[in-house]
Amino acid sequence: PFDLEAIRDFPAVWLALTGKADHPRLKSSQLHALLELTRTKIGDWGTENREAVNRLLRDALLRAAWPGGWKAVPADDRARLLAAVEAGWLLDVLDFYLSILKVEPIEEEVD
């Protein structure tokens, strides 16, 4: 079940993760890997260990292959993403967009 209060913020968090056509952020493969890693760890650690899962998500976000690095992500988007992790619903955003809606982020073109 999703936090109904948080759902109104899902689009902004998704955009912070994926970017726009002219400024893509994380690739689809990275987002799917983040979702699967988190699901696997919840399976290993159990749902009661949410703090460890949130720490894993936070560390994964900080170490992800952001174009230009984490510091290149605008400060308001970094804050939005970290707040979603701390609130415990970043996984919900990933699950909602990738698994339920089956939305794929815009991929960078490779020359």
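Below, all heavy atoms of this structure are taken into account, side chains as well, without hydrogens, waters or symmetry copies.
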Discussion item. Grouping I, L, V, M, F, W and Y whenever their side-chain heavy atoms are under 4.5 Å apart, do Leu35 and Leu101 come out in a common cluster?
Written reply: yes
In this structure, CZ of Arg63 is separated from CZ of Arg58 (nearest 0.5 Å) by 9.5 Å
Taking every heavy atom of Leu81 against every heavy atom of Trp66, the minimum-distance pair comes out as CD1-CH2, 3.7 Å
Output for pair (Leu31 CG, Trp14 CH2), nearest 0.5 Å, gives 5.0 Å
side-chain contact (heavy atoms from CB on, under 4.5 Å) test vs Val53 passes for just one of Leu90, Asp44, Leu37, Thr38, namely Thr38
With hydrophobic residues grouped by side-chain heavy-atom distances under 4.5 Å, do Val93 and Leu15 end up in a single group? no
ask   = Between Phe10 and Tyr97, how do the two ring planes meet: parallel, tilted or perpendicular, split at 30° and 60°?
value = tilted
To the nearest 0.5 Å, atom OG1 of Thr18 lies from atom CD of Gln30 at 12.0 Å
Requested in this report: Would you please test Arg50 and Ile42 for side chain to side chain contact (heavy atoms under 4.5 Å, CB included) and show each step?
Outcome: CA-CA 8 Å; Arg50 195 62 174 188; Ile42 287 173; 3.7 Å; yes
For Leu34 and Ala60, the nearest pair of non-hydrogen atoms, with its separation, is CD1-CB, 3.4 Å
Interatomic distance, CG@Leu94 vs CG@Leu57, rounded to 0.5 Å, equals 7.0 Å
In terms of heavy-atom contacts, Pro67 and Ala72 come closest through O-CB, 3.7 Å
Residue set satisfying side-chain hydrogen bond (donor to acceptor under 3.5 Å, both in side chains) with Asp77, at least two apart, ordered chain then number -> Arg25, Arg80
Interatomic distance, CH2@Trp70 vs CG@Leu61, rounded to 0.5 Å, equals 5.5 Å
Exactly one of Asn54, Leu56, Leu91 clears side-chain contact (heavy atoms from CB on, under 4.5 Å) with Val85, and that residue is Asn54
Value for CG (Asn49) from NZ (Lys41), rounded to nearest 0.5 Å, stands at 11.5 Å
For His32 and Glu104, the nearest pair of non-hydrogen atoms, with its separation, is NE2-OE2, 3.1 Å
Is any side-chain heavy atom of Asp59 closer than 4.5 Å to a side-chain heavy atom of Arg55? yes
